[in-house]
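What follows is a set of notes on a single structure, which appears directly below.
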Amino acid sequence: MDKIAIVTGATSGIGKAIALGLARKGFRVGIVCRNRTRGEAAAAELAGSVPGAEAEIFLADLSVLQDVRRVAGELRERYPRVDVLVDNAGAHLLRAKVSADGYDRMVATNHLGPFLLTNRLLGVLDETARIVVVASEAHRFADPFEPADLAEPGRYGPAGSLRVYGRSKLLNLFFTQELAERLKGTGITVNAMCPGLVATALARDVPGAGQVGGWLSRTPVLRRPEQGARMALRLATERRFEGCSGGFYSSTPGARALPGARTLKDRALQKAVWERSSHLVGLPGPIVLGR
Ligand SMILES: NC(=O)c1ccc[n+]([C@@H]2O[C@H](COP(=O)([O-])OP(=O)(O)OC[C@H]3O[C@@H](n4cnc5c(N)ncnc54)[C@H](OP(=O)(O)O)[C@@H]3O)[C@@H](O)[C@H]2O)c1
């Protein structure tokens with residue numbers, strides 16, 4: 001039977017490189033994307049690059065909870081058993097925008113959508129499935145927030161968008177830690193990673209990003225998407241990570257020398273963020289495995 005991987009945001013950048021890498025390793029890939037044309041182009045590129053590869057697209061705007069519920073249903077119908085789920089899609093918005101459900105749109109895209117999608121797919125995950133969350137060292141820039149306000153628009157302003165983006169990436173890490181706790185005793189694992197600084201479309205709206213990217217591209221600091229995808233692919237497939245769960249694997253050079261964000265040790269905050277996120281996306285009580 002085919003091994004199945006689902007990758008969100010595989011129309012460009014790191015997600016596309018992850019999808020390609022998984023296809024090369026023999027996975028059939030389900031691409032969750034918001035734009036049909038870009039999705040079809042990515043699926044065609046994948047099929048063209050890897051002989052015999054199969055990729056299908058599933059449309060959803062991850063910032064829209066109704067879309068996420070629908071696409072989770074479509075994925076469950078299509079794939080009765082999933083081996084790998086990569087929560088990769090993300091955005092860095094410069095200005096505060098409100099999602100269809102009334103939340104900060106960047107937090108909805110980067111955290112609430114993936115939170116709901118993953119929870120809705122738990123029932124079809126194989127008993128040794130691996131979940132990989134594409135987070136970021138930018139979690140260190142998070143603005144201070146209370147769980148009750150986690151999806152409130154922050155102060156965007158000149159440097160503020162990085163603080164809200166940082167918050168959304170810190171939420172990715174809380175999600176990974178708490179999900180790992182809740183999955184203890186099952187064979188399913190979840191880990192987060194940072195791809196390093198990668199030349200993608202992520203910062204396209206950030207003023208000066210093109211120029212800074214141009215300078216950095218002459219140094220080893222700025223990576224290609226294939227390099228950014230490497231750690232996610234290792235977590236998703238290497239035997240070495242079998243049974244490892246709840247970790248944050250940063251591939252940013254030098255990051256290991258930095259102390260971890262203090263909030264990442266706060267179990268009560270982690271739990272409170274989970275409870276609040278569940279409430280915001282309308283999930284009932286404890287997670288349920290099995291269909
Ligand atoms: N680039 C970096 O240096 C860096 C560093 C650390 C972490 N990351 C993380 O890496 C992940 C991938 O980003 P990237 O750098 O590869 O950027 P990218 O090239 O802009 O790719 C982002 C992907 O997410 C999709 N996406 C954005 N908003 C969406 C929504 N509302 N619904 C569904 N899909 C949506 C995009 O779809 P469209 O094609 O439709 O726009 C695209 O496929 C993100 O989670 C980002 O936070 C990146």
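First listed ligand is number 1; within each ligand, the first listed atom is number 1. Computed from heavy atoms alone, side chains included, the values below leave out hydrogens, waters and symmetry copies.
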With a 4.0 Å heavy-atom cut-off (strictly under), which part of Thr11 contacts ligand 1: side chain, backbone, both or neither?
both
Ligand-side contact atoms (ligand 1) for residue partner Ala60, heavy atom cut-off under 4.0 Å:
32 (N), 33 (C)
With rounding to the nearest 0.5 angstrom, report the CG to CG distance, Leu173 to Asn191.
11.0 Å
Side chains of Asp87 and Thr118: any donor to acceptor distance under 3.5 Å?
yes
Identity and distance of the protein heavy atom lying nearest atom 35 (C) of ligand 1
Arg34 NE, 3.8 Å
Run the contact test for Ala138 against ligand 1 with a 4.0 Å cut-off on heavy atoms, strictly below, and give the result.
no
What pair of heavy atoms forms the shortest contact from Pro114 to Ala108, and how long is it?
CD-O, 4.1 Å
Main chain of Leu150, side chain of Arg167: is a donor-acceptor contact present, judged purely on distance under 3.5 Å?
yes
Quick check: Cys194 and ligand 1, any N/O pair under 3.5 Å apart?
no
Count the heavy atoms of every other residue, nucleotide or ligand shown that sit under 6.0 Å from CZ of Arg140, and state whether that count exceeds 12.
yes
In the protein, which heavy atom is nearest to atom 23 (C) of ligand 1, and how far is it?
Gly9 O, 3.7 Å
Out of Gly90, Ala135, Ala108, whose heavy atom sits nearest atom 7 (C) of ligand 1?
Ala135
Atoms of ligand 1 close to Gly13 [distance to a heavy atom under 4.0 angstrom, numbered from 1]:
16 (O), 19 (O)
Parallel, tilted or perpendicular: rings of Phe175 and Trp274 (30°, 60°)
parallel
In this structure, atom 3 (O) of ligand 1 is nearest to the protein heavy atom Val198 N, 2.8 Å
Heavy-atom gap Pro195 to ligand 1 smaller than 4.0 Å
yes
How far is atom 4 (C) of ligand 1 from its nearest protein heavy atom, and which residue and atom name does that atom have?
Gly196 O, 3.9 Å
Could you verify whether a donor N or O on one side chain and an acceptor N or O on the other, from Asp104 and Tyr156, lie under 3.5 Å apart?
yes
Looking at Leu197, which atoms of ligand 1 are within less than 4.0 Å of one of its heavy atoms?
3 (O)
Closest non-hydrogen atoms of Arg105 and Val98, given as atom of the first, atom of the second and distance, are NE-O, 3.8 Å
Atom 20 (O) of ligand 1: which of Leu222, Leu202, Thr8 has the nearest heavy atom?
Leu202
What I want to find out is whether Glu178 reaches Arg182 closely enough, with some N-O distance under 4.0 Å, to be called a salt bridge.
yes
Please state which part of Pro225 comes within less than 4.0 Å of ligand 1, counting heavy atoms only: side chain, backbone, both or neither.
neither
Going by an N to O cut-off under 4.0 Å, is there a salt bridge joining Glu226 and Arg230?
no
At under 4.0 Å between heavy atoms, what of Ala199 touches ligand 1? The answer is neither
From the list Ser161, Ser136, Ser168, side chain to side chain donor-acceptor pair (under 3.5 Å) with His92 holds only for Ser161
Which residue and atom name correspond to the protein heavy atom nearest atom 15 (O) of ligand 1, and how close is it?
Thr200 OG1, 2.6 Å
If you count the atoms of ligand 1 from 1 in the order shown, which ones are under 4.0 Å from a heavy atom of Thr109?
28 (N), 29 (C), 30 (C), 31 (N)
Would you check whether Leu62 has a nitrogen or oxygen atom less than 3.5 angstrom from a nitrogen or oxygen atom of ligand 1?
yes
Is it true that a side-chain atom of Asp126 and a backbone atom of Asp83 form a donor plus acceptor pair closer than 3.5 Å?
no
Heavy atoms from other residues, nucleotides or ligands near CD of Glu238 exceed 12 (cutoff 6.0 Å):
yes
Nearest non-hydrogen protein atom, atom 9 (C) of ligand 1:
Val134 CG1, 3.7 Å
Any side-chain donor paired with an acceptor under 3.5 Å for Gln66 and Arg69?
yes
Does ligand 1 have a heavy atom under 4.0 Å from the side chain of Lys169, from its backbone, from both, or from neither?
side chain
Which residue and heavy atom of the protein sit nearest atom 47 (O) of ligand 1, plus the separation
Tyr165 OH, 2.6 Å
Distance under 4.0 Å to a non-hydrogen atom of Arg38: what atoms of ligand 1 satisfy this?
38 (P), 39 (O), 40 (O), 41 (O)
heavy-atom search around atom 19 (O) of ligand 1 in the protein gives Ser12 OG, 2.8 Å
Kindly identify the option in Val68, Asp87, Ile14, Asn88 whose heavy atom sits closest to atom 11 (C) of ligand 1.
Asn88
